[in-house]
Each structure stands twice: as C-alpha cells, then as structure tokens.
Number of protein chains: 4
Amino acid sequence: MNNNLFNEILSAQSIKRTVKQQRIVDASIRLFSEKGYSNTSTAEIAKVAEVSEASIFKQYGTKDNLLLSLIVPYIKEFFPSLANEAMDQIISNADSTFEGFLRAFLKNRIEFITGNKEIFQVLIKEIIYKEELKKEFLPYFHEIVIPRITKFIALFKERGELIDIPIDKILKLLFTFISGFIVSHFVLLNKESISNEEVEDVICFVMDGIRKSSSDH
Amino acid sequence: MNNNLFNEILSAQSIKRTVKQQRIVDASIRLFSEKGYSNTSTAEIAKVAEVSEASIFKQYGTKDNLLLSLIVPYIKEFFPSLANEAMDQIISNADSTFEGFLRAFLKNRIEFITGNKEIFQVLIKEIIYKEELKKEFLPYFHEIVIPRITKFIALFKERGELIDIPIDKILKLLFTFISGFIVSHFVLLNKESISNEEVEDVICFVMDGIRKSSSDH
Amino acid sequence: MNNNLFNEILSAQSIKRTVKQQRIVDASIRLFSEKGYSNTSTAEIAKVAEVSEASIFKQYGTKDNLLLSLIVPYIKEFFPSLANEAMDQIISNADSTFEGFLRAFLKNRIEFITGNKEIFQVLIKEIIYKEELKKEFLPYFHEIVIPRITKFIALFKERGELIDIPIDKILKLLFTFISGFIVSHFVLLNKESISNEEVEDVICFVMDGIRKSSSDH
Amino acid sequence: MNNNLFNEILSAQSIKRTVKQQRIVDASIRLFSEKGYSNTSTAEIAKVAEVSEASIFKQYGTKDNLLLSLIVPYIKEFFPSLANEAMDQIISNADSTFEGFLRAFLKNRIEFITGNKEIFQVLIKEIIYKEELKKEFLPYFHEIVIPRITKFIALFKERGELIDIPIDKILKLLFTFISGFIVSHFVLLNKESISNEEVEDVICFVMDGIRKSSSDH
DNA sequence: GATGAATGAGTTTTCATTCAT
DNA sequence: CATGAATGAAAACTCATTCAT
C-alpha cells in the first residue's frame with residue numbers, strides 16, 4: 001500500500017511534472033508547513049525551489065490556487081482511502097471487534113499522515129483560516145467519512161460491543177478525541193510518528209476510559 | 001466569580017485604558033480572531049477602532065507586540081486561575097471524586113472561554129504559527145498546569161479511582177482529549193458555548209470509554 | 001472668468017491638497033497626456049512627482065481611480081460651465097444670431113481647453129478605451145449638453161436662421177464637425193490653441209459650407 | 001471592387017499565411033480593436049488564436065512589430081486606393097461636380113472602412129499614442145493624400161464651384177469634418193456602417209452649411 | 001513551423017512603521 | 001495624547017521575450 005500522496009496523484013491524474021514544477025510543490029509544502037501560508041512569500045518559494053516567481057504564477061495563477069492545488073487532492077485522498085483498502089478486510093475478518101477496527105484505522109491513518117506529515121500540517125493550519133478550504137473539506141467529511149464510520153459503529157453497536165448512547169454522540173466523542181490526539185502530535189508537538197505503545201494507550205482509553213474498573217482489584 | 005479577561009487584567013494590572021485604547025484592543029481581538037493575525041493589517045484595525053494607525057504604534061510599538069499584549073496576559077490568566085479560585089475548594093469538598101473534579105474543571109474552563117471566546121481563538125490560531133508564543137506558553141504549561149493537574153491525578157489515583165497506568169500517560173490522554181474537544185468546539189466549529197449535556201457526555205466518555213461494560217447487560 | 005479646472009475644483013470642493021499631493025496630480029496629467037494611461041507606470045509618476053509610490057496609492061487606492069479622479073471632475077466641469085456663464089448672456093443679447101452664438105461658444109470652449117490642454121488630451125485618449133469613462137461621460141452629455149444646445153438650435157431655427165432639417169440632424173452634424181475640429185487640433189496635432197482666424201473659418205464653413213454661393217459672382 | 005484589406009494584401013504581396021498565422025492576425029486585430037494594444041497581452045492573443053505565444057514571436061519578433069505588421073499595410077492601402085481605382089473615372093465623368101466627387105469619395109471610403117472596421121479602429125486608437133505610427137502615417141498623408149485631394153479641389157475651384165478661400169483652408173476644413181464624422185461613427189459610436197441618408201446629410205452640410213439660404217423662402 | 005517551459009524585469013498594490021505638528 | 005502625511009520594503013502578479021526540442 002502506497003500512502004505517499006503525490007505518487008498517488010501522479011499516477012491517478014497522470015500529471016507530468018517537470019523537475020522545476022516538482023521543486024515548486026516541494027518548496028511550497030515545506031515552507032507552508034513551517035511558517036504558514038500567510039507568512040510565506042512567493043519570492044521565498046521561488047528561491048527555495050530555485051525557479052523564478054514567474055514560473056510559479058504561470059502554473060498556478062495565484063498563490064491561493066497554489067495552496068489549494070496542494071491541499072485539495074490531499075483531502076480527496078485522505079478520507080476515501082481509509083476504507084477502500086484496509087477497512088473492508090477488517091470487518092470481514094473473523095475476530096473483528098471494534099477494538100480491532102479502531103487499531104487498524106488508527107495505524108492506517110497514522111501511517112498515511114507520517115508519509116505526508118508536512119502537507120497534513122498545512123491542511124490543519126490553514127483549514128482554521130480559509131472558509132474556502134472548509135467548503136472543500138466539509139462535504140467530503142459529511143458525505144464520505146461520517147457515513148462510513150457510522151456504518152462501522154452501528155455494526156459493532158448491534159453486536160453489543162459499544163455503550164448504549166446514540167451513534168452520533170459516540171462518533172463525535174471519538175472524532176474529537178482521535179483528531180485531537182493526532183493533531184496535537186503531528187501539528188502542535190511536530191512529532192515524526194506515533195508509537196505502537198501510544199496507539200495502544202489511546203485504544204485503551206477510548207474503550208474503557210480512565211476509571212479503575214471494579215474487576216481490576 | 002468574574003471570568004472576563006479584561007476586567008481581570010484591568011483590576012490586576014491597574015492599567016487605565018482610554019476609550020480609544022480600549023477600542024484598539026477590541027478591534028484587534030475581533031479582527032485577529034476572524035481573519036488571523038497575518039491577514040489583518042494595522043490599517044484595518046485603525047479603521048475599525050476609529051483611531052489613527054499612529055495611535056496603535058504609539059501604544060504598542062509594533063504589530064507583533066500588539067498581538068503579544070493581547071495574548072500573554074490571557075495565557076497568564078488562563079491557567080493559574082483554574083486553581084487559585086475554584087479548584088482548591090473542590091478537592092477539600094466532602095464528596096470529591098475525580099469525576100466531580102473533572103466536572104468542575106470543565107465547567108470552569110468552558111465558562112472562562114465562553115466569556116472570552118475571540119481571544120481564545122486568537123491564542124489557538126497563533127500558537128500554531130508563532131514560536132515566540134509557544135515560548136511564552138510552554139513554560140506556563142509545564143510549570144503551572146502540569147504540576148497542578150498531576151497533583152490532582154495523583155491524589156485520585158491514590159484513592160484508587162483511576163486506572164493503573166503512569167500518571168503522565170493519564171495526563172497526556174486527558175489533555176489531548178479535553179483540548180481537542182474544546183478547540184474543535186470553540187475554534188473549528190465556532191460554537192458559542194458547550195452545553196451541560198455535552199459536558200456530561202465528555203465526562204462519561206473520559207471515565208468509562210465507549211465499551212459496553214459487562215455489568216450493563 | 002476662471003477656466004482653470006483645478007482652481008475651480010479646489011474652490012468648489014474645498015479639497016486641500018498638500019504640495020506632494022498636487023505634484024502627484026500634475027505628474028499624472030502630464031505623463032498620461034504624453035504617453036497614455038496604460039503606458040505610464042505608477043513608479044514613473046512617483047519619480048516625476050518626487051513622492052513615494054505608496055503616497056499615490058494611499059490617496060487614490062488604485063491607478064484606475066487616480067485616472068478617474070483627474071478626469072471625472074473635468075468632465076463635470078467641462079459641459080455645465082459652457083452655459084451658466086457665457087451662454088445665457090449671448091442669447092439675451094440684442095444682435096444675437098446663431099453665428100454669434102457659435103462664435104461665443106467656440107471661443108469659450110477653446111479658451112477652457114487651452115487652459116487645461118493636457119487633461120483634455122487624457123480625456124479624449126482614454127474615453128476611447130474605458131467603458132467606465134464613457135459611462136461617466138455620456139449621461140452628462142445627454143442630460144446637459146444636448147438639451148442645452150438643442151434649445152439654442154431650436155430658438156434660432158424658429159427665428160428662421162437655420163436650414164430646414166430636423167434639429168437632431170443639425171446637432172449631430174455640428175457636434176461631429178466641431179468635436180472633430182477641436183480634437184484634431186488639440187490631440188492629434190497637439191496645437192497650443194486655435195487662432196481667431198481659424199475660428200472664423202470654422203464658423204464660415206459651418207454656416208455656409210464650401211459651395212460658392214450664387215450671389216458671390 | 002474588393003475592399004477587404006487582407007484579400008488585397010494577400011494578392012498584392014503574395015504572402016501565403018498558414019492557418020495558424022491567419023488566426024494570429026485575426027485574434028490580434030480583434031483584441032487590439034476591443035481593448036487597445038497596451039491592454040492586450042501576447043498571452044491573450046495566443047489563447048484566442050489557439051497558437052503558442054512562441055509562434056507569435058517566431059513570426060513577428062516583437063509585439064510592437066505585430067502591431068505595425070497589421071497597420072502599416074492598411075495605411076498604405078487606405079489612401080492610395082482611393083484614387084487609382086474609383087476617383088479617376090469620377091473626374092472624367094461627364095456630369096462631374098464637386099458634390100459628385102464628394103459623394104463617390106465618401107461612399108468609397110465608408111465601404112472600405114466598413115469591410116475592415118476593426119483594423120480601422122486599431123489604427124485610430126493607436127495613432128494617438130504611437131509616435132512611431134504617426135511617422136509611418138504622416139508621410140503617406142502629406143505625399144499622397146494631400147496632393148491628390150488638392151488636385152481635385154483646385155480643379156473644382158477653377159470651375160467656380162467652390163468658395164473663394166485658399167485651397168489649403170478648404171482642405172483642412174473638409175478633412176477635419178469628414179475625419180471627425182467617420183471617426184465618431186466607427187470608433188466612438190462603434191457603428192457598423194453609415195447610411196446613404198447620413199452621407200447625403202454630410203454632403204449637404206459640407207456644401208451649403210446650416211444657414212437657411214435666402215432663396216429657400 | 002511549432003511549442004512547452006522558463007524567466008528578467010517590470011507592474012500594481014500592500015503594509016508596518018516613522019515623524020512633524 | 002493624537003494624528004495626517006509620508007514612505008521603504010516587500011508583497012502578489014504580469015508580460016514580452018527566449019530557447020531547447
């Protein structure tokens with residue numbers, strides 16, 4: 001499974017980038033992730049990419065479009081891919097439990113982000129500011145992510161594995177926690193990856209909370 | 001208990017702001033929270049505040065200093081206040097449980113943020129970008145927040161209320177979840193407040209997770 | 001009678017220009033008239049006016065608005081002024097003939113243009129290109145100039161002085177000829193003024209054409 | 001008689017244009033006439049012509065030369081053609097009067113311009129700005145147009161048809177009026193053509209002016 | 001003959017900042 | 001204390017032009 005975003009786009013969209021065009025992409029992602037979109041000038045991108053500013057604008061028209069050209073394909077790749085590949089096989093698996101699903105899901109997404117950490121940082125940093133981005137992002141989220149995860153939660157809830165509160169509450173709590181966890185690691189703390197141990201802690205927390213269970217003592 | 005930040009600063013620091021100075025502060029917070037620091041020009045602040053740009057620079061010297069002047073007192077108020085006032089009385093309270101502590105803590109912080117939502121948004125949005133801000137923020141976090149919360153967790157863990165994993169892991173999971181929850185509400189979704197019902201869901205999730213307990217059936 | 005446009009505006013609109021602001025106006029008119037709007041850069045204006053480019057944009061916002069700020073008041077002054085002052089006294093004059101009216105009109109407008117030749121050139125050169133300008137110009141033309149001249153022509157036609165064709169045809173022929181004459185002198189040939197002799201030739205031509213009258217021999 | 005400029009050039013100069021080259025010419029004329037030379041980029045021409053920008057520069061070297069390549073042949077065709085073909089037969093005609101000459105001249109030139117309105121617009125719009133163009137244009141005007149028309153006027157003046165003022169004054173008044181009339185129609189008002197009725201009005205005006213003749217009543 | 005890729009030198013415009021009054 | 005006026009520096013963006021293929 002290849003989680004590198006740009007290889008994916010490359011093969012998917014058959015875009016042939018010249019060496020210089022690729023350098024623009026690389027420099028933009030790096031600088032945007034380090035300093036933020038607003039604090040990065042096209043002059044700086046041109047310098048780092050060792051191309052002329054004109055080349056950037058020839059290709060992308062505006063700086064804003066450059067940002068979108070980096071992020072939108074990433075968004076469109078980020079969520080759909082989570083299911084088509086790994087998820088279906090989990091659920092068909094014999095010993096499939098919600099815990100197993102959660103573990104697979106987390107590892108899959110963490111792997112994906114680890115391979116494209118910088119662009120993930122750009123996405124998170126800019127989605128706060130740009131309504132434009134939210135509008136690209138939210139439909140994908142509502143139409144693809146939420147129904148998909150809802151399906152899983154419903155399934156496991158029917159099997160009696162999950163607590164007896166409405167699915168949308170479970171979803172919201174899960175989403176809040178997991179995204180908070182991932183964002184604080186990759187964006188705030190700028191960690192390279194998340195260890196298996198940390199993943200297990202998260203799963204443990206999500207499943208059973210922090211209260212000492214009565215059966216423990 | 002008055003959680004309005006600026007009243008606090010006003011009384012604490014005895015700064016007497018003229019009407020115009022107050023308008024600068026108000027305009028800055030509003031604009032920074034809406035569009036971000038980088039995307040707000042001093043000309044725009046001056047226009048909204050109905051003062052001259054020169055007045056802003058007379059007061060604050062640089063635009064950067066204006067931002068810090070808004071945020072730093074907020075940071076310094078945000079965390080210390082959580083203990084000095086409400087927390088100590090919780091712990092001394094008769095029926096003090098971790099759940100009770102968590103409830104009081106959440107309600108207290110949510111109330112604080114609700115009263116100063118815009119500046120909270122500014123803080124969150126800018127702390128991602130500005131190393132300068134992280135440097136202001138992290139010491140406070142490490143020196144004041146962490147020890148304080150650690151003390152509480154240790155206390156309740158000793159009482160056997162909490163799961164038997166290292167305190168710093170509990171702290172990290174708690175922090176990740178709670179901050180994720182609060183940030184996604186107040187910044188991403190731009191909600192006005194968080195309802196009691198939502199707080200109870202969070203507490204429930206944090207304490208017991210989402211797994212159906214064996215005693216439920 | 002003071003035909004200098006900017007003195008008129010100055011007194012009319014009570015705009016107080018600083019020395020530098022006046023230099024911007026002067027430099028713009030000069031350069032626009034010499035090289036055309038499109039071929040004049042704001043950098044060049046700044047250099048000639050010995051101000052910073054920023055000062056130009058501080059005042060006018062855009063280069064386009066700079067052009068309009070020069071031309072629109074000129075348009076609004078050009079046509080109305082032709083009647084309020086000189087024309088009414090002509091018509092009330094004892095020996096008022098159409099020829100006399102034409103002579104007064106031509107001399108009045110030629111004097112006005114001579115005093116502001118450069119901005120007249122800018123107006124003519126740019127009105128060809130800018131729909132924006134046409135929209136400023138045409139209403140004034142239709143609402144103020146045409147009715148006014150029509151009134152005069154109708155008056156003299158009633159007196160039996162003018163040829164028996166529809167007023168609007170007379171107007172159109174007159175306008176076409178006179179504007180053609182003035183534009184070719186001041187814009188194409190860049191003459192400083194138009195001599196009395198030339199004015200008399202024009203009047204002669206307009207009144208009687210170029211055919212040798214039967215009474216001449 | 002074929003007045004389409006490019007067919008004329010084609011046959012006259014035996015230039016074989018490829019389809020793409022012709023598209024460049026068409027696009028340039030269209031865009032230059034709509035927006036003016038300065039406001040039309042070579043990129044835009046290339047896009048409209050559906051060729052690469054490089055092809056334009058391969059052909060014409062510079063954008064300036066592209067403009068000249070369009071206009072200069074037009075100038076060289078515009079004036080000479082007025083005599084070689086139609087004019088000589090007019091004068092040799094039995095009932096030749098100045099009025100007849102004027103009518104033939106006007107109709108001939110109006111037909112010519114109507115068939116190439118866009119390039120006529122380009123010529124007029126750019127001759128105002130470009131000294132270069134004036135230098136191309138004026139010699140032709142002085143060496144070919146003026147002597148030719150002077151010859152006609154002198155002829156008809158000798159026959160006693162025209163008013164008794166110097167020939168150059170008649171020429172100037174005629175030129176001013178006719179060019180003013182044509183330019184205002186085709187460039188300012190962007191009319192498609194000029195009707196026979198309008199032509200007759202012009203002739204009437206030019207010949208006899210607007211004064212009611214004493215023999216009319 | 002045609003073009004995709006690339007750019008140097010501009011262009012308009014923005015912006016934080018200074019200073020005399 | 002307040003500000004109108006002014007700006008250097010840099011921002012985003014444009015454009016005519018070149019050149020290897």
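Computed from a predicted model, the values in this text were never measured in an experiment. Numbered from 1 within each chain, the chains take letters A, B, ... in sequence-line order.
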Please report, rounded to the nearest Å, how far the [atom2] atom of [N] is from the [atom1] atom of [X].
| X | N | atom1 | atom2 | result |
| --- | --- | --- | --- | --- |
| Lys20(C) | dA20(E) | NZ | C1' | 12 Å |
| Gln22(A) | dA5(E) | CD | P | 14 Å |
| Asn65(D) | dA16(F) | CG | P | 14 Å |
| Arg17(A) | dA5(E) | CZ | C1' | 15 Å |
| Leu67(D) | dA16(F) | CG | P | 12 Å |
| Asn39(C) | dT14(F) | CG | P | 18 Å |
| Ile24(B) | dT17(E) | CD1 | P | 14 Å |

### Task
Let me know, please, whether Glu44(C) or Thr40(B) comes out on the 5' side of the other along DNA chain E by nearest nucleotide.
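Closer to the 5' end of DNA chain E: Glu44(C).
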#### Entry: Over all atoms of both residues, closest heavy-atom pair of Glu118(A) and Arg30(A)
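Closest heavy-atom pair between Glu118(A) and Arg30(A): OE2-CG, 3.6 Å.
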### Query
If every non-hydrogen atom of Thr40(A) is compared with every non-hydrogen atom of Gly36(A), which pair is closest and at what distance?
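In terms of heavy atoms, the two residues are closest at OG1-O, 2.7 Å.
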### Task
May I ask you to say what Ser38(C) touches in the nucleic acid, namely base, sugar-phosphate or nothing, with a heavy-atom cut-off under 4.0 Å?
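If one applies the 4.0 Å heavy-atom cut-off, Ser38(C) turns out to touch nothing in the nucleic acid.
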### Task
For Thr42(D), answer base if it contacts any base atom (sugar-phosphate contacts may also be present), sugar-phosphate if it contacts only those atoms, and nothing otherwise; contact means non-hydrogen atoms under 4.0 Å.
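The answer is base, as Thr42(D) lies within the cut-off (heavy atoms under 4.0 Å) of a base atom.
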### Task
Could you list by number each residue of residues 45-64 of chain D showing a heavy-atom separation from DNA chain F of less than 4.0 Å, or answer none if no residue does?
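Close to the strand are Glu53(D), Ala54(D), Phe57(D), Thr62(D), Lys63(D).
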### Query
Do Lys130(D) and Asp64(D) have side chains that get closer than 4.5 Å, going by heavy atoms?
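Result yes, sub-4.5 Å side-chain heavy-atom pair found.
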### Query
Quick one: does Leu133(D)'s side chain get under 4.5 Å of Leu68(D)'s, heavy atoms only?
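Touching, per the 4.5 Å side-chain cut-off.
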### Query
Got a minute to check which stems DNA chain F is part of, using Watson-Crick or G-U wobble pairs under 3.5 Å, three or more consecutive?
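If one scans DNA chain F for consecutive Watson-Crick or G-U pairs, the stems found are E:2-21 with F:2-21.
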If we ignore hydrogens and angles and just use 3.5 Å, is the side chain of [X] paired with the main-chain N or O of [Y] as donor and acceptor?
| X | Y | result |
| --- | --- | --- |
| Tyr37(B) | Lys125(B) | no |
| Gln59(B) | Gln21(B) | no |
| Lys63(C) | Ser41(C) | no |

### Query
What distance separates Ile71(B) CD1 from Ile75(B) CD1, expressed to the nearest 0.5 Å?
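The CD1 atom of Ile75(B) is 6.5 Å from CD1 of Ile71(B), to the nearest 0.5 Å.
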### Message
Nearest 0.5 angstrom please: Ile24(D) CD1 to Ile29(D) CD1, how far?
### Response
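Reported to 0.5 Å precision, the distance equals 12.0 Å.
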